[in-house]
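Side chains are part of it too, since the values below use all heavy atoms of this structure and drop only hydrogens, waters and symmetry mates. All values reported here derive from a predicted model rather than from experimental measurement.
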Amino acid sequence: QVLLVESGGGLVQAGGSLRLSCAASGRTFSGNTMGWFRQAPGKEREFVAAISRSGGSTDYADSVKGRFTISRDNAKNTVDLQMNTLKREDTAVYYCAGRNGFALARNPVQYDYWGQGTQVTVSS
């Protein structure tokens, strides 16, 4: 079992930046592919970014590519999401997730562990 706790959400103006962090505890963190998802009110949970166990491979949704960067520190058991040039449409609850498989994945059902979420609100 892996426990995930997100932090770093908040209110930011459009064009600004935020850095989300996810702290993991429990079984070996380095064995998990990690991802970030988000869910806006009235919408389904959507994929944002994923990172491989070593950190050597990443994947991004088209809507955030070039603006968001996912990274991990296996020594500290953390995975971060640096969000730049934020837009109003980035407003959502952001969730950290982990999966036991080694391949990157975009489908939420492929993830085994989830954090409680952190709210990101982008104002105009």
Side-chain angles (χ1 to χ4, degrees):
Q1 185 71 19
V2 176
L3 177 65
L4 304 175
V5 179
E6 302 97 334
S7 61
L11 175 65
V12 63
Q13 285 190 328
S17 298
L18 276 178
R19 187 176 184 89
L20 305 183
S21 186
C22 174
S25 60
R27 57 170 288 172
T28 305
F29 171 76
S30 60
N32 295 107
T33 297
M34 301 299 295
W36 284 94
F37 291 77
R38 66 188 182 187
Q39 188 166 17
K43 295 187 177 181
E44 293 187 350
R45 191 167 299 189
E46 66 172 359
F47 169 76
V48 174
I51 189 166
S52 63
R53 294 181 294 181
S54 68
S57 297
T58 57
D59 185 27
Y60 296 93
D62 288 344
S63 59
V64 307
K65 197 172 294 182
R67 300 188 298 122
F68 290 11
T69 302
I70 188 172
S71 61
R72 68 188 296 164
D73 186 334
N74 288 340
K76 296 182 179 179
N77 285 2
T78 58
V79 57
D80 292 348
L81 185 69
Q82 176 66 43
M83 306 186 294
N84 298 327
T85 319
L86 283 160
K87 305 175 181 180
R88 286 196 65 184
E89 51 264 42
D90 294 319
T91 295
V93 177
Y94 282 72
Y95 296 91
C96 175
R99 66 186 301 264
N100 295 323
F102 64 87
L104 300 178
R106 293 188 169 203
N107 193 330
V109 302
Q110 294 177 282
Y111 285 77
D112 303 293
Y113 314 106
W114 291 88
Q116 82 289 349
T118 185
Q119 177 70 47
V120 171
T121 303
V122 184
S123 65
S124 58

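Partner of Leu81 under the side-chain contact (heavy atoms from CB on, under 4.5 Å) criterion, chosen from Val64, Leu18, Val120, Leu20: Leu20. Only one option out of Asn84, Asp90, Thr85 pairs with Arg67 in a side-chain hydrogen bond (donor to acceptor under 3.5 Å, both in side chains); it is Asp90.
Residue Ile70 is not grouped with residue Val93 when hydrophobic side chains (ILVMFWY) are merged at heavy-atom distances under 4.5 angstrom, including chains of intermediate members.
Applying the salt bridge (Lys or Arg N to Asp or Glu O under 4.0 Å) test to every pair with at least one member in residues 73-89, sequence neighbours left out, gives these pairs: Arg19-Asp80. The list of ring-ring contact (aromatic ring centres under 6.0 Å, His included) pairs with a residue in residues 38-61, not counting sequence neighbours, reads Phe37-Phe47.
Rounding to the nearest 0.5 angstrom, the gap separating the CZ atom in Arg38 from the OG1 atom in Thr118 is 14.0 Å. Atom CG of Leu86 and atom OG1 of Thr121 lie 11.0 Å apart (nearest 0.5 Å). For the atom pair OG1 of Thr33 and CG of Asn100, the computed distance is 9.0 Å after rounding to the nearest 0.5 Å. The structure places CD of Glu6 at 5.5 Å from SG of Cys22, a figure rounded to the nearest 0.5 Å.
Within the 4.5 Å cutoff, no side-chain heavy atoms of Thr58 are placed close to those of Ser52. Under the 4.5 Å side-chain criterion, counting only non-hydrogen atoms from C-beta, Leu4 is not in contact with Gln116. Residues Gln39 and Tyr94 fail the side-chain proximity criterion, which asks for heavy atoms closer than 4.5 Å. The closest side-chain heavy-atom distance from Leu104 to Ser57 is below 4.5 Å. For the pair Arg106/Asp59, a side-chain contact is recorded, criterion being any heavy-atom separation below 4.5 Å from C-beta on. Gln119 has its side chain within reach of Thr91: a pair of non-hydrogen atoms, C-beta onward, lies under 4.5 Å apart.
Counting all heavy atoms, side chain and backbone alike, Ala14 lies closest to Ser124 at CB-CA, 4.4 Å. The two atoms that bring Val2 and Ala24 nearest to each other are CG1-CB, 4.1 Å, heavy atoms only. Considering all non-hydrogen atoms of both residues, Arg53 and Asn74 come closest at O-ND2, 3.0 Å. For Gly98 against Met34, the heavy-atom pair with the smallest separation is CA-SD, 3.6 Å. Ala50 and Ala105 make their closest contact through CB-O, 4.0 Å (heavy atoms, listed as atom of the first residue, atom of the second, distance).
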Trace of the side chain to side chain donor-acceptor pair (under 3.5 Å) decision for Tyr111 with Arg99: CA-CA 4 Å; Tyr111 285 77; Arg99 66 186 301 264; 5.4 Å; no

Step-by-step side chain to side chain contact (heavy atoms under 4.5 Å, CB included) determination, Cys96 to Val79: CA-CA 8 Å; Cys96 175; Val79 57; 3.7 Å; yes

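By the 6.0 Å and 45° rule, Arg45 stacks over the aromatic ring of Tyr95.
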